[in-house]
There are 2 protein chains.
Amino acid sequence: MTRMHKENNLSKNQQIIFDLIDRSPEPLKAYTILYNVQKKGINAPPQVYRALDKLVEIGKIHKIESKNAFVACKNSDCEISKATAFSICESCEVVDEISDVKLSKYLSSFNHKKGMKFKRFNLEFFGLCKKCK
Amino acid sequence: MTRMHKENNLSKNQQIIFDLIDRSPEPLKAYTILYNVQKKGINAPPQVYRALDKLVEIGKIHKIESKNAFVACKNSDCEISKATAFSICESCEVVDEISDVKLSKYLSSFNHKKGMKFKRFNLEFFGLCKKCK
DNA sequence: TTACATAGTGTTATATTATAACAATTCTAA
DNA sequence: TTAGAATTGTTATAATATAACACTATGTAA
């Protein structure tokens with residue numbers, strides 16, 4: 001019956017949750033998402049976490065690890081969330097995804113002395129944003 | 001009564017918990033720490049989390065955000081945990097603190113286009129370590 | 001030395017974040 | 001059209017983290 005929204009590769013729950021995150025001016029936590037989609041028939045944590053996991057996996061959203069919160073990817077050419085960088089204001093908590101080609105290239109080509117080859121990185125900068133400083 | 005171990009600025013609980021983390025070859029989670037220090041009279045989560053908070057604050061340990069786990073600082077000249085970088089093996093889960101002066105300088109002087117001034121960053125690289133690849 | 005502020009401790013309870021497990025449905029590709 | 005894969009719905013529970021409060025220890029400045 002209810003068709004999946006395969007035109008953009010997202011299932012029903014994935015689309016509902018992505019839309020919510022994408023429209024949010026700030027990172028959303030899993031349970032905040034849950035409360036906001038209960039009217040759409042998503043009732044339980046696993047439904048939310050499953051959609052989040054998938055959205056992270058395909059690079060539509062990113063997890064801000066220091067906040068346990070999720071933002072939509074604003075960086076269409078980030079290689080499927082393999083190289084993420086964020087700025088986080090410690091006062092107003094605003095989060096921005098950083099799209100800096102030089103930074104991204106520098107880190108993507110960084111090689112560990114101990115012989116480890118990196119596939120992915122996540123960088124979080126903290127400070128005060130323009131407004132707050 | 002029991003003197004605090006002020007010779008090195010750590011209180012009793014802080015010292016017990018730091019020693020455990022420092023001796024561990026891998027990042028430790030808060031409840032793993034709790035189970036391991038109960039014989040020393042630390043009984044409840046808040047005691048562990050308070051010590052962890054303080055140890056992070058003074059730079060003796062770092063939190064690996066993607067794992068909710070803690071490691072001792074191996075990098076005596078990292079400016080009190082203001083600039084941290086780690087390599088994490090996705091297979092064996094080994095974590096190493098990266099001490100790379102060039103990397104550290106590059107990131108510490110990185111300036112956001114949007115006018116934010118950074119005070120601190122945390123970088124986590126993921127991949128396969130020498131053994132696992 | 002006292003007394004006061006600050007930091008640390010111990011404790012119970014609870015909040016927050018995340019997953020296990022299982023049955024059913026929907027989608028996709030052959 | 002049918003089998004495998006992905007998704008959904010659901011209940012229960014695990015794992016991570018903090019609130020709140022009473023108390024003790026410590027450092028320091030009068």
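Given the structure is predicted, the values throughout are model-derived calculations rather than measurements. Lettering of chains follows the sequences in order, A, B, ..., and the numbering in each one begins at 1.
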- Across the strands shown, which category fits B/K63 at heavy-atom distances under 4.0 angstrom: base, sugar-phosphate, nothing? sugar-phosphate

Sequence neighbours excluded and cut-off under 3.5 Å, please list the side-chain donor-acceptor pairs for residues 30-40 of chain A, or say none.
unit_1 : atom_1 : unit_2 : atom_2 : d
A/N36  : ND2    : A/T32  : O      : 2.7
A/K39  : NZ     : A/N36  : O      : 3.2

- Which residues within residues 16-27 of chain B lie with some heavy atom under 4.0 Å of an atom in DNA chain D? none

Which atoms of nucleotides 9-13 of chain D (N or O only) lie under 3.5 Å from a protein N or O atom, and what are those distances?
unit_1 : atom_1 : unit_2 : atom_2 : d
D/dG9  : OP1    : A/K12  : NZ     : 3.4
D/dG9  : OP2    : A/N13  : ND2    : 3.0
D/dG9  : OP2    : A/Q47  : NE2    : 2.6
D/dG9  : O5'    : A/Q47  : NE2    : 3.2
D/dG9  : N7     : A/R50  : NH2    : 2.6
D/dG9  : O6     : A/R50  : NH1    : 2.9
D/dT10 : OP2    : A/N43  : ND2    : 2.7

- Task: Find the distance A/I33:CD1 to C/dT16:P and express it as a whole number of Å.
- Result: 16 Å

- Query: What's the CG-C1' distance between A/L52 and D/dT7, to the nearest Å?
  - Reply: 15 Å

- Grab the NZ-P distance between B/K40 and C/dG10 for me, whole Å please. 14 Å

- Query: Which whole-number value in Å describes the distance from A/N9 CG to D/dA6 C1'?
  - Reply: 13 Å

- A/S11 side chain N/O closer than 4.0 Å to the phosphate oxygens (OP1, OP2) of D/dT8? yes

- For a side chain to side chain contact (heavy atoms under 4.5 Å, CB included) with B/K63, tell me which candidate from B/N68, B/T84, B/V71 qualifies. B/N68

- Task: Ignoring hydrogens and angles, state whether a donor on the side chain of B/N13 or B/Q15 is under 3.5 Å from an acceptor on the partner side chain.
- Result: no

- Message: Applying side chain to side chain donor-acceptor pair (under 3.5 Å), can you list everything that pairs with A/Q47, at least two apart in sequence or on another chain?
- Response: none

- Roughly, in whole Å, what's the span from OH in B/Y49 to P in D/dT16? 7 Å

- Message: According to side chain to side chain contact (heavy atoms under 4.5 Å, CB included), who are the partners of B/E90, at least two apart in sequence or on a separate chain?
- Response: A/K119, A/R120, B/F126

- Note on the structure: For A/F110, the ring pair (Phe, Tyr, Trp, His ring centres under 6.0 Å) test, sequence neighbours excluded, returns B/F125

- Query: In terms of hydrophobic clusters joined by side-chain contacts under 4.5 Å, are A/I42 and A/L28 together?
  - Reply: yes

- Sorted by position of nearest nucleotide on DNA chain C, 5' first, the leading residue of A/F70 and B/K54 is B/K54

- Between C/dA18 and A/N68, is there an OP1 or OP2 to side-chain N/O distance shorter than 4.0 Å? yes

- Between NZ of B/K67 and P of C/dT19 the distance, given in whole Å, is 13 Å

- Task: Can you sort out the partners of A/D96 under side chain to side chain contact (heavy atoms under 4.5 Å, CB included), two or more places apart, ordered by chain and number?
- Result: A/S87, A/V94, B/H112, B/K114

- Item | Between P of D/dA17 and NZ of A/K29, the distance in whole Å | 10 Å

- Task: Only pairs at least two apart or in different chains count here, so list each ring pair (Phe, Tyr, Trp, His ring centres under 6.0 Å) that has a residue in residues 85-105 of chain B.
- Result: B/H62-B/F86

- Task: Return the set of residues passing ring pair (Phe, Tyr, Trp, His ring centres under 6.0 Å) with B/Y106 (not counting sequence neighbours), or none when no residue passes.
- Result: A/Y106

- Can you name the residues that form a side chain to side chain contact (heavy atoms under 4.5 Å, CB included) with B/K117, not counting sequence neighbours? A/K133, B/N111

- Query: Roughly how many Å is it from CG in A/L10 to C1' in C/dC27, rounded to a whole number?
  - Reply: 15 Å

- Item | Residue list, salt bridge (Lys or Arg N to Asp or Glu O under 4.0 Å) with B/E26, at least two apart or on another chain | none

- Message: Tell me the bend of the helix from C/dT1-D/dA30 to C/dA30-D/dT1 as the angle between end helix axes, each from five pairs, rounded to the nearest 10 degrees.
- Response: 40°

